[in-house]
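In this text the structure is predicted, and so the values were computed from the model without any measurement. Throughout, protein chains are lettered first and strands after them, A, B, ... in sequence-line order, and every chain is numbered starting at 1.
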Protein chains: 2
Amino acid sequence: MQLTQEYREKLDGALRRTGQRATRQREHIFSVLLGKRDHPTADEVYARARAEMPSISLATVYNCLEALSASGLVKQVNFEREPTRYCANLTAHAHFYCKESGEIQDVELSEQIIDLLKSCLPAGHTAHRIDIAFDGKCGECDD
Amino acid sequence: MQLTQEYREKLDGALRRTGQRATRQREHIFSVLLGKRDHPTADEVYARARAEMPSISLATVYNCLEALSASGLVKQVNFEREPTRYCANLTAHAHFYCKESGEIQDVELSEQIIDLLKSCLPAGHTAHRIDIAFDGKCGECDD
DNA sequence: CTAGGTGCAAAAGGTTTGCGGTTAA
DNA sequence: TTAACCGCAAACCTTTTGCACCTAG
């Protein structure tokens, strides 16, 4: 998978803006996340990345995922005690985790709901980030 | 800290209902969580529990916290990659994590908002649990 | 040129597991 | 009586770190 010109520029800009360098590895990891948006763990990203870049190390995968998160192009998704997953969907959304299939789906949220949630905060509190995670059964797995 | 009769009965019932035994250790861990509701980690619970029960082991603390969670009397709270925290507040609420002070506060939520969130799910999906975590700065830590 | 990034291997840190002995029901 | 639980220590697994080499800017 190659990064399109558009995404390469987006990435380079985002990295530069956050004082980080654009490297082959970071571009490749970004392309892996864009290529299959199924919320892979670092280990899964590592496996996919090695398919086209066999010399990349797991530590570098973690470093790249961290750099991409810091640049704002990638979000980390955490479920309970499970390994962190990574997601290149930047719209406001929650995650639904189906305990039956193990699958994770994006759930689109309106800005209204986000604002409504923020309005529940005590005065003076400011939220930089809101994580919303549903646990349950998805349509296919339901009885 | 001793468990009041009311809480002891609540605990015994909840454990029995989920096919688990009431043990001295589980009662003690429950009393620790009720005694100081500041969302301690397993390690902090361990330290507090040992004050009155020096022979308890960390593995047992984990076992008890797991048993209490399974019984429904305790909730696990996860923030990013940090250690799991435990909480005996059973009302519908979210958590606010202040990155400055490290403090975690409960944020009460109305049933309406919970219902509104559930209504965002695709048809057929059922959520058994919704985790909502805010990250930011609380009033005291704000600039 | 040089600060930042990479690859490797080892360490860290939270959580789980295996096992012999103990206990609630 | 006996399945479940406890305490201890070792194992596990994800993530981080230290260090020598490399590379983007």
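- Side-chain N/O atoms of A:Arg24 include none lying less than 4.0 angstrom from OP1 or OP2 on D:dT23.
- In this structure, B:Leu58 places its CG atom 9 Å from P of C:dT15, rounding to the nearest Å.
- As rounded to whole Å, 16 Å separates atom P of D:dT14 from atom CD of A:Gln76.
- Between B:Arg81 and A:Glu66, at least one side-chain nitrogen of the basic residue sits less than 4.0 Å from a carboxylate oxygen of the acidic one, meeting the salt-bridge criterion.
- Backbone-only contact: A:Ile56 has heavy atoms under 4.0 Å from sugar-phosphate atoms and none from a base.
- At the phosphate of D:dT15, OP1 or OP2 sits under 4.0 Å from a side-chain N or O atom of A:Tyr62.
- One can place OH of B:Tyr46 at 12 Å from C1' of D:dA9, the figure rounded to the nearest angstrom.
- Here the side chains of B:Leu3 and B:Leu34 are in contact, with some heavy-atom distance below 4.5 Å.
- Taking the nucleotide of DNA chain C with the nearest heavy atom to each of A:Ser55 and B:Pro83, the more 5' of the two is matched to A:Ser55.
- Relative to the ring axis of B:Tyr46, B:Arg50 places its NZ or CZ within 45° and under 6.0 Å from the centre.
- The rotation axes computed at either terminus of the helix from C:dC1-D:dG25 to C:dA25-D:dT1 lie 50° apart, taking five pairs at each end and rounding to 10 degrees.
- In terms of position on DNA chain D, the residue among B:Asn63 and A:Thr23 whose nearest nucleotide sits closer to the 5' end is B:Asn63.
- In this structure, of D:dT14, D:dC5, C:dA25, it is C:dA25 that holds the atom nearest to the side chain of B:Arg16.
- Residue contacts shown for A:Thr41 are absent, as no nucleic acid heavy atom lies under 4.0 Å away.
- The side chain of B:Cys64 lies closest to D:dC6, out of D:dG25, D:dC6, C:dG7.
- Following rounding to the nearest Å, B:Glu82 (CD) and D:dT16 (C1') show an atom-to-atom distance of 15 Å.
- Looking at which nucleotide of DNA chain C each of B:Gln20 and B:Ala59 is closest to, the 5′-most match is held by B:Ala59.
- Side chain of B:Thr60, nearest nucleotide from C:dT15, C:dG7, D:dG7: D:dG7.
- For the pair A:Ile29 CD1 and C:dG5 P, the computed distance is 15 Å after rounding to whole Å.
- In this entry the distance linking CD of B:Glu66 with P of D:dA4 reads 16 Å, nearest Å.
- Side-chain contact between A:Leu109 and A:Ile132 is present, with at least one heavy-atom pair separated by less than 4.5 Å.
- Evaluation of atom-type donor-acceptor distances gives no pair under 3.5 Å for the side chain of B:Arg21 against the base of C:dA25.
- Comparing D:dA3, D:dT15, C:dT16 against the side chain of A:Arg81 picks out C:dT16 as the nearest.
- Contact of the A:Leu11 side chain with the A:Leu68 side chain is registered, since non-hydrogen atoms from C-beta on lie closer than 4.5 Å.
- Using a 4.0 Å heavy-atom criterion, one finds that B:Ala67 contacts no nucleic acid atom at all.
- Within the 4.5 Å cutoff, the side chain of A:Lys36 has heavy atoms near those of the A:Arg48 side chain.
- For the ring pair (Phe, Tyr, Trp, His ring centres under 6.0 Å) condition, the pairs that include at least one residue of residues 88-115 of chain B, sequence neighbours left out, are A:His125-B:Phe96, B:His39-B:His95, B:Phe79-B:Tyr97, B:His93-B:His95.
- Straight-line distance from the CZ atom of A:Arg26 to the C1' atom of D:dC22: 14 Å, rounded to whole Å.
- For residues 107-122 of chain B, the side chain to side chain donor-acceptor pair (under 3.5 Å) pairs, not counting sequence neighbours, are B:Thr91-B:Glu108.
- Spacing between atom NE2 of A:His28 and atom P of C:dG7 amounts to 11 Å, rounded to whole angstrom units.
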